[in-house]
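Scroll down for the structure; my scribbles are underneath it.
Throughout, a chain's letter reflects where its sequence line sits, starting with A, and its residues are numbered from 1.
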There are 2 protein chains.
Amino acid sequence: MPAPSPSPLPLLVDADCCAPLGVDPLDDGSAQQLAQAFKALADPVRLRLLSIIAAAPTGEVCACDLTGPVAKSQPTVSHHLKVLREAGLVASRKHGTWVHYRAVPEQLAALRHVLALDPVSGP
Amino acid sequence: MPAPSPSPLPLLVDADCCAPLGVDPLDDGSAQQLAQAFKALADPVRLRLLSIIAAAPTGEVCACDLTGPVAKSQPTVSHHLKVLREAGLVASRKHGTWVHYRAVPEQLAALRHVLALDPVSGP
DNA sequence: TAGATGTATTGACATTTATCGATGAATCGC
DNA sequence: GCGATTCATCGATAAATGTCAATACATCTA
């Protein structure tokens, strides 16, 4: 099995990536991996989707409730959700016809950790 | 003069932007502003440049010392530094023929703040 | 089984972006 | 002033990306 990975980007946490920016210069590989994660956040529609999901009281949001707030077509929203999923920022759970999305706190925490300047930014 | 702004993006901190993702869904304007900031981080070369600058013992790095480590042409590095500068992530200081770059901790802190899920993640 | 509904994928198109060579602008040493 | 050095800008080009209409897929209901 050469490429079994359904999720091309593992959690940064699982990859032990990376020290805070202010601590160590990034090597090329880590920079690539991090850039991919930040790329997922580098779109206003995806940021709004993620914030809606992350701020949901139940912790989950049906995909059917996401098309309206961001005012984009259903395929476009589906595309953005896929990008967020592949970046490890959200996870999805199928529930009959519907798909529910939830945020992945560990991945967000890993990105926060990288944006720190000092080593003591608390695990 | 419709667009006199030399620095298109003010510090997020100055703009009072934004609540952590887990607290409030982003409005369209904030999402645009944030996306622009994350876009600056969404490139491996820029991440490496930023990490080299942020990890420098003196707090500053000469632009002339940045071309080598990232293995890109001088115009390319200059372009990336401009993107980082316009995103408020680094600041530059001219010193004779040379230009020294330093990280802007406030902007990095603002982005870290946004990536939090809970309101209590420090001022 | 047939129709309806919620999601995902495909194909196409316009926009953005990363990259580099060539050139311009500012500054230093002589 | 003059050449050399450092950095920024310009112009061009290839690649990546956001968007939507059309279509396919999966699941529920009657």
Quick test: give all pairs of protein nitrogen or oxygen and nucleotides 25-30 of chain C nitrogen or oxygen below 3.5 Å, distance rounded to 0.1 Å.
unit_1	atom_1	unit_2	atom_2	d
C/dA26	O3'	B/Lys94	NZ	3.4

- Query: Under a 4.5 Å side-chain heavy-atom rule over Ile, Leu, Val, Met, Phe, Trp and Tyr, are B/Leu117 and A/Val90 clustered together?
  - Reply: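 In one cluster: yes.
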- Find the distance between CG (B/Leu66) and OH (B/Tyr101) and round it off to the nearest 0.5 Å.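 Rounded to the nearest 0.5 Å, the CG-OH separation comes out at 8.5 Å.
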- Query: Roughly how far apart are A/Leu81 CG and A/Ser92 OG, rounded to 0.5 Å?
  - Reply: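 Going from CG on A/Leu81 over to OG on A/Ser92, the span is 8.5 Å.
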- Item | Nearest-angstrom distance from the residue atom NE2 of B/His79 to P of C/dG24 |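 My rounded result for the distance is 22 Å.
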- Query: Which whole-number value in Å describes the distance from A/Leu81 CG to C/dG6 P?
  - Reply: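 It is 16 Å, rounded to the nearest whole Å.
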- How far does the helix from C/dT1-D/dA30 to C/dC30-D/dG1 bend, going by the axes of its first and last five pairs, to the nearest 10°?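 Roughly 30° between the end axes, to the nearest 10°.
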Name every donor-acceptor pair, under 3.5 Å, that has one atom in a side chain of residues 71-79 of chain A and the other anywhere in the protein, sequence neighbours excluded.
unit_1	atom_1	unit_2	atom_2	d
A/Ser73	OG	A/Thr76	N	3.3
A/Ser73	OG	A/Thr76	OG1	3.0

- Item | DNA chain C contacts among residues 55-78 of chain A, heavy-atom distance under 4.0 Å |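 DNA chain C contact set from residues 55-78 of chain A: A/Cys62, A/Ala63, A/Cys64, A/Gln74, A/Pro75, A/Ser78.
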- Message: Within residues 42-50 of chain B, which residues have any heavy atom lying less than 4.0 Å from an atom of DNA chain C?
- Response: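 By residue number: B/Asp43, B/Val45, B/Arg46.
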When you compare the side chain of [Y] with that of [X], does any pair of heavy atoms fall below 4.5 Å?
X        : Y        : result
A/Leu34  : A/Leu111 : yes
A/Asp28  : A/Gln32  : yes
A/Phe38  : A/Leu115 : yes
A/Lys82  : A/Arg85  : yes
A/Val104 : A/Leu89  : no

- Base, sugar-phosphate, or nothing: which does A/His80 touch, judged by heavy atoms less than 4.0 Å apart?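 Since only primed, P, OP1 and OP2 atoms lie under 4.0 Å of A/His80, the category is sugar-phosphate.
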- When every nucleotide of nucleotides 11-16 of chain C is labelled 5' to 3' by its protein contacts under 4.0 Å (heavy atoms), B for base, S for sugar-phosphate only, - for none, what sequence of letters results? ------
- Message: Tell me whether A/Gln107 contacts the main-chain N or O of A/Ala87 through its side chain, where contact means a donor paired with an acceptor under 3.5 Å.
- Response: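 Side chain of A/Gln107 to backbone of A/Ala87: a pair is present.
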- Item | Non-neighbouring partners of A/Thr97 that pass side chain to side chain contact (heavy atoms under 4.5 Å, CB included), sequence neighbours left out |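 If we apply the side chain to side chain contact (heavy atoms under 4.5 Å, CB included) test to A/Thr97, skipping adjacent residues, there are no hits.
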- Query: In chain order, what residues pass the side chain to side chain contact (heavy atoms under 4.5 Å, CB included) check against A/Cys62, with sequence neighbours excluded?
  - Reply: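 For A/Cys62, the residues satisfying side chain to side chain contact (heavy atoms under 4.5 Å, CB included) (neighbours in sequence not counted) are A/Cys64, A/Asp65, A/Trp98, A/His100.
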- Non-neighbouring partners of A/Asp27 that pass side chain to side chain donor-acceptor pair (under 3.5 Å), sequence neighbours left out: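 Checked A/Asp27 against side chain to side chain donor-acceptor pair (under 3.5 Å); matches are A/Ser30.
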- For A/Asp24 and A/Ala19, work out which heavy atoms get closest and say how close.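 Minimum heavy-atom separation between A/Asp24 and A/Ala19: CB-CB, 4.2 Å.
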- Look at A/Lys82 and C/dT9 and indicate whether a side-chain polar atom (N or O) is within less than 4.0 Å of OP1 or OP2.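 Yes, such a contact exists.
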- Boundaries of the DNA chain D segment in contact with chain A, non-hydrogen, under 4.0 Å: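 Contacts span D/dT17 to D/dC28, reading 5' to 3'.
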Let me check something: any side-chain donor-acceptor pairs from residues 42-56 of chain A under 3.5 Å, sequence neighbours excluded? List them with distances.
unit_1	atom_1	unit_2	atom_2	d
A/Asp43	OD1	A/Val45	N	2.8
A/Asp43	OD1	A/Arg46	N	3.2
A/Arg46	NE	A/Ala40	O	2.8
A/Arg46	NH1	A/His80	ND1	3.0
A/Arg46	NH2	A/Lys39	O	3.1
A/Arg48	NE	B/Leu26	O	3.1
A/Ser51	OG	A/Leu47	O	3.3
A/Ser51	OG	A/Arg48	O	2.8
A/Ser51	OG	B/Leu26	N	3.0

- Mind jotting down which residue pairs meet the salt bridge (charged side-chain N to carboxylate O under 4.0 Å, His left out) criterion with at least one end in residues 93-106 of chain B? Sequence neighbours excluded, please.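 As it turns out, the salt bridge (charged side-chain N to carboxylate O under 4.0 Å, His left out) pairs with a partner in residues 93-106 of chain B, which skip direct neighbours, are B/Glu60-B/Arg93, B/Glu60-B/Arg102.
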